[in-house]
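The structure under discussion appears below in the form of structure tokens.
Just the heavy atoms: all of them, side chains too, but no hydrogens, waters or symmetry mates, feed the values below. Along the sequence shown, the residues carry numbers beginning at 1.
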Amino acid sequence: WIAASLWILLEFALTVPVVAFGFPFLPNLGNTQWNVPSLIQIASLTGVLGVSFLIVLINAALAAALRTRQWRTLLPALALLALVWIGGWLRIQAADRAPQETASPIRVAVLQGDIPPFPKFERVQGNLLAQRYLDLARKASEARPNLVIWTESAVPWALEEGDDLVETALKITQPAQACHLVGTLFRAPGGPTNAFHSTAFLILPDGQIVAQYHKMRLIAMAELPVNLPGVTHPVCALSGPNGERLVPGSSLSVLDSPLGRIGVTICNESLYSDMTRALVQRGAGLLVAMSND
């Protein structure tokens, strides 16, 4: 029990740099059980750390039993495993028997342009990138989608109402009367002219931009400049030739659309369970995780 407790304390400590700097590559042991639905239902109460605790507990108890040949030491751990497993199975059965909602289904098209992240500030690439997404929109329109989702930072300029790209895309999907969720740059209001947000815009079929969300948790050294020892300038991979840089948004927001309330996380923000939980608590019925290609 001590080993399992120390393990999850270590995993929790490793989340500190994730929260502080946006590093997206520190895994939890509990993630290995993603394909065991009955076991991972406990995560709704404990988060992924509860699953990690259970894995280490079972293995440590088994190791102790093998070492001492006292198999009774396994019983409490096995009892907890059985309780979690059976409880998870019962929860899944209850969900399967629950009445299904009668809301109309939403047909979603996702445009994936297969574009590296670094051209996002390179305006010379703009027409090429825009044309690629318009071609994808034409293919998607054949399925008559209700919602068209673009990637994070789809084009290297700040989006505004009346943008030629948006108007062209809306004409393409006009027969389906599709809404668009577009990821692009947005000049930070009240800040320096070279400061931009990574933003998700919700655009109605008539061209109105009715809601937006600015990414809050930027990735250190990729989007967020970091001062390193011995380096004269802050290190940031995604900065423009004229000093363009990304700045974080200040608040989490749910986007109201004709299709319902949409909660958006951008790129590495999908790793933060507190953000997803807050979006659902604020009424999001559809979750969208936008990312760069």
Side-chain angles (χ1 to χ4, degrees), residues 24 106-188 194-215 218-219 222-223 236-242 244-246 249 255 257 259 262 264-270 286-293:
I106 297 173
R107 187 180 293 271
V108 178
V110 180
L111 310 186
Q112 203 274 47
D114 190 24
I115 298 166
F118 294 99
K120 68 167 62 179
F121 286 121
E122 298 177 10
R123 292 296 298 267
V124 295
Q125 299 279 350
N127 289 337
L128 173 65
L129 306 186
Q131 192 57 54
R132 185 172 301 186
Y133 277 99
L134 292 175
D135 290 342
L136 290 172
R138 290 186 182 92
K139 294 180 181 179
S141 66
E142 298 173 3
R144 299 186 68 82
N146 306 111
L147 177 64
V148 179
I149 299 176
W150 302 46
T151 62
E152 170 198 13
S153 302
V155 290
W157 62 77
L159 192 68
E160 298 177 357
E161 286 195 25
D163 189 291
D164 290 343
L165 172 64
V166 173
E167 291 189 349
T168 304
L170 289 170
K171 288 178 182 178
I172 291 172
T173 59
Q174 194 277 334
Q177 286 293 288
C179 296
H180 288 250
L181 191 58
V182 180
T184 186
L185 301 175
F186 178 73
R187 194 179 303 278
N194 66 336
F196 294 86
H197 293 302
S198 178
T199 301
F201 290 98
L202 178 65
I203 305 172
L204 298 185
D206 62 3
Q208 292 186 73
I209 299 177
V210 293
Q212 56 190 261
Y213 164 66
H214 308 308
K215 183 178 181 182
L218 304 181
I219 301 176
E223 299 170 327
C236 185
L238 297 177
S239 57
N242 299 314
E244 296 94 340
R245 58 186 177 86
L246 292 178
L255 312 184
S257 81
L259 308 172
I262 302 175
V264 179
T265 56
I266 298 178
C267 194
N268 58 297
E269 291 182 327
S270 62
L286 173 65
L287 295 175
V288 176
M290 300 181 78
S291 185
N292 202 291
D293 296 338

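- One distance of note links NZ of Lys215 with CE of Met290; it measures 11.5 Å at 0.5 Å rounding.
- For the atom pair Ser291 OG and Glu152 CD, the distance stands at 5.5 Å (nearest 0.5 Å).
- When Ile203, Asp206, Leu204 are each tested for a side chain to side chain contact (heavy atoms under 4.5 Å, CB included) with Leu170, only one passes: Ile203.
- Considering every non-hydrogen atom in both Ala140 and Pro145, the closest pair reads O-CD, 3.3 Å.
- Atoms NE2 and CG, on His180 and Leu147 in that order, are 8.5 Å from each other to the nearest 0.5 Å.
- Here Phe201 contributes atom CZ and Leu255 contributes atom CG; the two are 10.5 Å apart, rounded to the nearest 0.5 Å.
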Full working for salt bridge (Lys or Arg N to Asp or Glu O under 4.0 Å) between Arg138 and Asp135: CA-CA 5 Å; Arg138 290 186 182 92; Asp135 290 342; 2.9 Å; yes
Chi angles and distances behind the side chain to side chain donor-acceptor pair (under 3.5 Å) call for Tyr133, Thr151: CA-CA 10 Å; Tyr133 277 99; Thr151 62; 2.6 Å; yes
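- In this structure, Asn146 contributes its side chain and Ala178 its backbone to no donor-acceptor pair below 3.5 Å.
- Ile266 has its side chain within reach of Tyr213: a pair of non-hydrogen atoms, C-beta onward, lies under 4.5 Å apart.
- The closest donor-acceptor contact from the side chain of Gln208 to the backbone of Val210 lies at 3.5 Å or more, if one exists at all.
- Side-chain contact check for Thr199 versus Leu185: every heavy-atom pair is 4.5 Å or farther apart.
- Taking the side chain as every heavy atom from C-beta outward, Leu111 and Val148 approach each other to under 4.5 Å.
- Using a 4.5 Å cut-off on side-chain heavy atoms (C-beta onward), Gln174 and Pro205 make no contact.
- Summarising the geometry, atom OG belonging to Ser198 is positioned 10.5 Å from atom NE2 belonging to His214; distances are rounded to the nearest 0.5 Å.
- More than 12 heavy atoms of other residues, nucleotides or ligands shown are found within 6.0 angstrom of CZ on Arg132.
- Atom-to-atom distance recorded for Ile106:CD1 and Ile262:CD1 is 7.0 Å, nearest 0.5 angstrom.
- A donor-acceptor contact shorter than 3.5 Å links the side chain of Thr173 to the backbone of Ala169.
- For the residue pair Val264 and Ala200, the shortest heavy atom distance occurs at CG1-CB, 3.9 Å.
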